[in-house]
2 protein chains.
Amino acid sequence: MGLRAEIFEQPAVIRRLLRDQRRTAADIAAALRRADPAFAFLAARGTSDNAGRYANYLWGAVNGLPVALAAPSLFTLYRRPPRLRRALVVGVSQSGRSPDIVQVVQHGRAQGNLTLAITNAPRSPLAQAAEWVFDIRAGRETSVAATKTYTAQLAALALLSAVWAQDEAMLRALHQVPSWMEAMLALDADIARAAPRYRYMTQCVVLGRGYNYATAFEWALKLKELTYVAAEPYSSADFQHGPVAVVGRGYPVLAVAPSGAVLASMRSLLRHLYRDLGAELVVISDDPELLSWAQVPLPLPSGVPEWLSPLVAIVGAQLFTYHLTLTKGYDTERPRGLHKVTETV
Amino acid sequence: MGLRAEIFEQPAVIRRLLRDQRRTAADIAAALRRADPAFAFLAARGTSDNAGRYANYLWGAVNGLPVALAAPSLFTLYRRPPRLRRALVVGVSQSGRSPDIVQVVQHGRAQGNLTLAITNAPRSPLAQAAEWVFDIRAGRETSVAATKTYTAQLAALALLSAVWAQDEAMLRALHQVPSWMEAMLALDADIARAAPRYRYMTQCVVLGRGYNYATAFEWALKLKELTYVAAEPYSSADFQHGPVAVVGRGYPVLAVAPSGAVLASMRSLLRHLYRDLGAELVVISDDPELLSWAQVPLPLPSGVPEWLSPLVAIVGAQLFTYHLTLTKGYDTERPRGLHKVTETV
């Protein structure tokens, strides 16, 4: 296995998850309808935290559920956990072994809330702590940089949302994700040719908004882990409240901007960055105009609904990061200073 | 006025806020006790969002209230706002004029929740949208980079927390903040001498955890706005889940690490960065060992309780950023590409 194989394995992982875990999703959705939580309280770190960012938008928009991203240190170091009432308490972790995430779920359950673990390790401490477990069944991931477990977490969150909403159209669209991912994987050779241009890039920003706020964070995290580029993620709105000041001529801006509700906001910001400030763009989009502004256009297949675009767009971002890692001569499997399981309190 | 004067005005602003707004805080606290919200839903952008990060920890630890940081685009661009039930809906904005923040508060109020605006503009659209208004009375801020309005927002959040908790010891400590700020301001000449070392710094990370997660974000934002340095903020825990890979020999790490519950976690990470990876440290702390590792130590006055340290530590960070802006020859008042009021949807 290894990073490249794990990137290419993603369509198969999502197909398996959708086939095997529909029943689990239905059981959890039934429990959600009974409990009728007022909000979700979600604890995660690193890549899994970016899956939490997706839940914030998807569960908010589709299921009407406000999502709070937990501050685990209140439970661990401060030992002053907030009172959780009428909450759905969710822990997301590939390994299920980070003690801080486990503690949040334990506290949530002890306080009488519905608890859910989304993990690749169904016998992990996190899975044991939660009443409900969604096993993402991604198989063993050997590369330190998570790829297939991230998209499997997104698919789990999306499947839960669709089943909870009892929305058949959403379910049908979800089953098209593997083939859309295959279309992104077909960009592999193009991306390999484009990567050397960024051999000496040391910093960049990554922009995304709404559902793809998560994609911006995850692309930036992969770049930091694998290429050591200081890649900072922003929503197009937050970026204008200060950080846009860092952009001068030639500054690299990576953007995720599929068709949908936030495209107009992304278009107007990218136009300004490209035309007025002379920024260099790498763009993942299905919009011809945005792609035409990009030095490196990464076309999304057409017809992907915005709510599912994070599962497809990240595949192009992973390939871009993989080829840049090779170009820079770094280790794709074991980045300096990192381990597969990070245990923090 | 201007940036320097506004930084130095902060002790007076906090004294005035604590003197004039105790009654407002008591009225809001009484409303909070009556409503007994299950969680807070807080909308803000930029510097005000960093004040929201402080509320996440302070209100969670002291008042037992889980805090969700809102995704405003669900209300604006997506027009699919989550259902808000038993929520305290808070908008934080200096100008009170960003339409997305106003809309979140309007929706929250229409859905029957307790609503609160924390603003420097008591006749702004945000103040008109909310049932309760906390006027921070910071006076006109002319520099685009917010300083005194940030610490006044923190003081408002802290005063509300202490009055709500009916904790006299907290209130006494809060009244010492202006004199602690004055001790930080006395570092001005030392910081001016240290700044030229970072003349050619183009990127760095800023670490803080718990209460000072907010300080890390706010220091990084000031650096981006004023010096165009790509400064990325992290908690010490999140940093270990991937981004630590960017740190090589000489990499600049700025850290906020006062005594308290998270100091051990910060100490162990900073020791690793300094001893094993050869990072260069700038440290705001009252801990002699951490200060001894720093190329530039910024000593906090002793006796500052951790929950109030963000109001004091940020003053040193503001001075560091101010002097680096002068060193780099940039405009302290009107950074490129920014305006005082940013209106996003």
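Hydrogens, waters and symmetry mates play no part in the numbers below; they use all other heavy atoms, side chains included. From a predicted model like this one, the values you see are computed outputs, not experimental measurements. Throughout, a chain's letter reflects where its sequence line sits, starting with A, and its residues are numbered from 1.
The shortest heavy-atom contact between A:Leu77 and B:Ala261 is O-CB, 3.6 Å. Contact between B:Ala61 and A:Leu74 at its shortest, heavy atoms only, is CB-CD2, 3.7 Å. Nearest heavy-atom pair, B:Thr202 versus A:Gln203, reported as atom, atom and distance to 0.1 Å: O-NE2, 3.0 Å. Summarising the geometry of B:Tyr228 relative to A:Ala245, their closest heavy-atom pair is CD2-O, 3.3 Å, with the distance given to 0.1 Å. A:Phe41 and B:Pro66 get closest at one heavy-atom pair: CE1-CB, 3.9 Å.
When each of B:Glu225, B:His272, B:Arg209 is scored by its heavy-atom pairs under 4.5 Å with chain A, the top score falls to B:Arg209. Ranked by heavy-atom pairs under 4.5 Å with chain A, the list B:Leu226, B:Asp238, B:Val244 is led by B:Asp238. The most heavy-atom pairs under 4.5 Å with chain B, out of A:Thr47, A:Asp276, A:Val62, come from A:Val62. Between chain A and the residues B:Ala87, B:Gly210, B:Pro82, the largest count of heavy-atom pairs under 4.5 Å involves B:Pro82. Put simply, of B:Ala146, B:Gly64, B:Ala38, B:Pro243, the one with the most heavy-atom pairs under 4.5 Å next to chain A is B:Gly64. The greatest number of non-hydrogen atom pairs below 4.5 Å with chain B, out of A:Ala231, A:Gly46, A:Ser73, is found for A:Ser73. Annotation: maximal heavy-atom pairing with chain A below 4.5 Å, among B:Ala145, B:Ser48, B:Gly60, occurs at B:Gly60. When each of B:Lys222, B:His339, B:Arg86, B:Glu306 is scored by its heavy-atom pairs under 4.5 Å with chain A, the top score falls to B:Glu306.
The neighbour count for A:Arg249 CZ, taken as heavy atoms of other residues, nucleotides or ligands under 6.0 Å away, does not exceed 12.
Contacts between A:Arg79 and chain B at a heavy-atom distance below 4.5 Å are absent for every atom of the residue. No part of A:Ala220 comes within reach of chain B, as not one of its non-hydrogen atoms sits under 4.5 angstrom from that chain. B:Leu69 touches chain A through its backbone: at least one of N, CA, C or O sits under 4.5 Å from a heavy atom, while the side chain does not. Contacts between A:Leu65 and chain B at a heavy-atom distance below 4.5 Å involve the backbone alone (N, CA, C, O). For A:Val205, no part lies under 4.5 angstrom from a heavy atom of chain B. Proximity to chain A (any heavy atom under 4.5 Å) is restricted, for B:Val247, to the backbone atoms N, CA, C and O. For A:Val67, the part sitting under 4.5 Å from any heavy atom of chain B is the backbone (N, CA, C, O) and nothing else. Of the two parts of A:Ser235, only the side chain, counted from C-beta on, holds a non-hydrogen atom closer than 4.5 Å to a non-hydrogen atom of chain B. Heavy atoms closer than 4.5 Å to chain A are found in the side chain of B:Tyr251, but not in its backbone.
Side-chain atoms of A:Arg85 come within 3.5 Å of backbone N or O of B:Pro37 as a donor-acceptor pair. For A:Arg336 (side chain) and B:Val246 (main-chain N/O), a donor-acceptor pair under 3.5 Å exists by modelled atom type. A donor-acceptor pair under 3.5 Å links the side-chain atoms of B:Tyr78 to the main chain of A:Tyr211, judged by distance alone.
Between atom CG of residue B:Asn63 and atom CZ of residue A:Arg83 there is a gap of 11.5 Å, rounded to the nearest 0.5 Å. We find the NZ-CZ distance between B:Lys224 and A:Phe239 to be 9.0 Å, quoted to the nearest 0.5 Å. Note that the OG atom of B:Ser98 and the CD atom of A:Gln240 stand 9.5 Å from one another [nearest 0.5 Å].
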